[in-house]
2 protein chains.
Amino acid sequence: MELFLKDIRNVNNENRHYAQKRKIITLLNKAESPLTIPGICKKVKLSVPTGTKLINELIESRIIVEVGKKETDTGRRPLVYKVDPNYAYCIGVVILLKGLSFSVFNLEMEEVHKCENNDFVLENTTECLVNVVAFIQNAIGKSEIDPNKILGLGIGITGRINSQTGNSYNYFNFLESSLTNYFSGQLSVPVYIDNDTHVLGLAEQVFGEAKNIKNAFVVNLSRGLGLAIIANGEIVSGEQGFAGEFGHIQFAESDKLCLCGKRGCLGTEVSGYALEQNFKEQIQLGETSLLLSSKDISKIQYGDILKAAWEGDALSISLIHNIGFKIGKALGNMINLLNPGVIIIGGKFASATEVLTDSIKSGMTHTALSLPLRSCELIFSSIGANADIKGAGAIVLRKMQLI
Amino acid sequence: MELFLKDIRNVNNENRHYAQKRKIITLLNKAESPLTIPGICKKVKLSVPTGTKLINELIESRIIVEVGKKETDTGRRPLVYKVDPNYAYCIGVVILLKGLSFSVFNLEMEEVHKCENNDFVLENTTECLVNVVAFIQNAIGKSEIDPNKILGLGIGITGRINSQTGNSYNYFNFLESSLTNYFSGQLSVPVYIDNDTHVLGLAEQVFGEAKNIKNAFVVNLSRGLGLAIIANGEIVSGEQGFAGEFGHIQFAESDKLCLCGKRGCLGTEVSGYALEQNFKEQIQLGETSLLLSSKDISKIQYGDILKAAWEGDALSISLIHNIGFKIGKALGNMINLLNPGVIIIGGKFASATEVLTDSIKSGMTHTALSLPLRSCELIFSSIGANADIKGAGAIVLRKMQLI
DNA sequence: TGGAGTTAGTAAATATTTTTACAAACTTAC
DNA sequence: GTAAGTTTGTAAAAATATTTACTAACTCCA
């Protein structure tokens, strides 16, 4: 059994039947319900005797299990099979500027254990890295899953990441080897990495609204602004994995200095950070808000403003409207360039559906051509708060071609 | 033999050995030089006896031919094989606003016949469509190739095209069925269609500077402005095939009205048409140019200005510089979003290398983040004037998965 | 010039897969 | 409740592919 887990990790395995066995596993994993032998054989284009042989071998390896008979209208009732969800586990870790989270998922991507450190603050230091590793090791221990059953660990981290090489360019960039090498050395499991926005895009593609859609945008609108682009059914990572820097396109109306050193970055006007700044500016200009009655202005975070808008605070609504209109204009341009079938608003702003829908749409009509705009749907993410970590865990299954 | 040509057209052929035979053909087609039986078998993962059998069947079908022995340093010299370039032909047609061209290519994509109509003017009328068909029929006749040997016909046409359905939205949009259906009905060969920019991108991907590069932009800068985006090794067409409307992103500094009805489209400042307009404006403002000595101002076309710049005309150079800087800024944003490894400047402006290189690069540094910019190369197309038609012909081979 | 070493390609032996045939397990109709 | 119809899944037969063994064709070096 242990050997077989290693085989799964090795995607380019050239063992005799390996490719076909992986196809069977992937098929079962993607299927909504358990499948029959004839059904499987038809899909993977194998004869029933050969398929039966391989399936029996997989059962012997304990990766797939028989789960009773199927109800049919006619004929002999076939046995149905599925992947044993607890055959192995994958781990998702998300490292943000503020906050560190860890989840264990089974092969059906159900969360079986979770652990968070909300006090965590990301710093580009060895100490911080050591802390992250210790947190993960501790969390694995607490989860009580058999370490031999860990298929791999996927990390979503803020900043520029080369997911191919496993290098990080903004944080933990002081290592001699790649960041994935460091982690897998410390944790003794395969480690994969990507940036937080790509991870969110993967979650939407696998579990969310971008399922079965070949061309889509997933906007990660939280404290920062990012964009996962799905083109031809694949998440675009670009040549070094830097694709999606939507927050740093020069499309702002003002000339504010961005953290990246340039002026006019979209993120200076469209982001949680910008929302906080705008709020404080407006208050200083004499505007008023319900929020001030419950919280000190210096402690107000963009999450509070989103909440206040939901509760009807006029200033908050107007500021979010403004952000929606601006991001809509930028997205409209992107529609012209990439003609997506759907745009999904994810991240913390996904909850501000009512306030954002119309303003984004209005912004889009200013820039998008009518033909591609007409066929582009605007949707708000429905995966919920753990979208990012589910995406991080999904990296492992994606890399092993199981989903 | 005739039967086999039909088989090639039918990509999803489920005949016993068909997939493997197609693999062999594709391998031979893509290879720089003829291949040996052991070499082929290794690549397509077949044993030598089986591979030999299939190759012999392909030789019997006349699609591949033996072309002598290979010079080796040691051992028995193997026979080498290649696809018979004259086994079949594909046809490329390009329909622009002004100009209609036709070329026949053999399977090695060598042009074996060509035909142009420079007086052609594209109009959205039945008459014009009938003329195009007649022109193609006539050209096929003149080419003297066996009609049974035509694999298919690829059309590159200006305007919005859905290459999946074969529909055209700007020109010839009055038909009941799709434009490809109409053409293939009239011409009795499979017809594929895409817009002129995507066709140019395909040419660069298959024959040009984007070869082997997974993420690239191909700029089509001629009378209009378009962009073919290659992401993850594939040309992005978008959900309906409308991707690449680079000329209609709202990124211009001025507020000129565009043909699309919107204001601020990049194409109003960056395009051959804009160059003509700017030239005339400047002359009216009192500027002078060498061009005026040889040509009447009303008859000056952007091609003349490009030529004048090459000859050192100060006004032309300055106007093109300006265009370069602006497109550079727009491309810089795109670099942030898609992190391409190379940007290829194609179209008529590709010849203005000296004047454009620095200005485009300068524009890029204004908007692109340093990390993705550093690894992005700027190249000018080297395929030459027939890039578009070669790309149109290549659609056929691409659709049949031979390249 | 003629072995030693190497690779190509074919023929026979072996292994694998598919096809065919059929029994088992089921539903529905009469 | 039994016959007719359907589908599953296995066992034997047929087809197909791979492995192994071997000969042919070549270079290099003594």
I need the NZ-P distance between Lys53(A) and dT10(D), as an integer number of Å.
14 Å
Quick one: Ile55(A) CD1 to dT8(D) P, roughly how many Å, whole number?
12 Å
Counting heavy atoms from C-beta on, name the nucleotide in dG9(C), dT17(C), dG9(D) closest to the side chain of His17(A).
dT17(C)
Give a yes-or-no answer on whether the side chains of Ser382(A) and Glu209(A) include a donor-acceptor pair shorter than 3.5 Å.
yes
Examine dT7(C): is either OP1 or OP2 under 4.0 Å from a nitrogen or oxygen in the side chain of Lys70(B)? Give yes or no.
no
Ser47(A) vs dT17(C): side-chain N/O to OP1/OP2 distance below 4.0 Å:
no
Result block: side-chain N/O donor-acceptor pairs under 3.5 angstrom for residues 36-43 of chain A, not counting sequence neighbours:
residue: Thr36(A); atom: OG1; partner: Gly39(A); partner atom: N; Å: 3.0

Salt bridge check: are [X] and [Y] linked by an N-O gap of less than 4.0 Å?
| X | Y | value |
| --- | --- | --- |
| Glu57(B) | Lys21(B) | yes |
| Glu239(A) | Lys214(B) | no |
| Lys82(B) | Glu66(B) | no |

Nucleotide by nucleotide, nucleotides 25-30 of chain C touches protein heavy atoms under 4.0 Å in the pattern (B base, S sugar-phosphate only, - none) BBS---
What I'd like to find out is whether the side chain of Ile235(B) reaches to under 4.5 Å of the side chain of Leu202(B), using heavy atoms alone.
yes
Give Thr52(A) one of three labels, base, sugar-phosphate or nothing, depending on what nucleic acid heavy atoms sit under 4.0 Å from its own.
sugar-phosphate
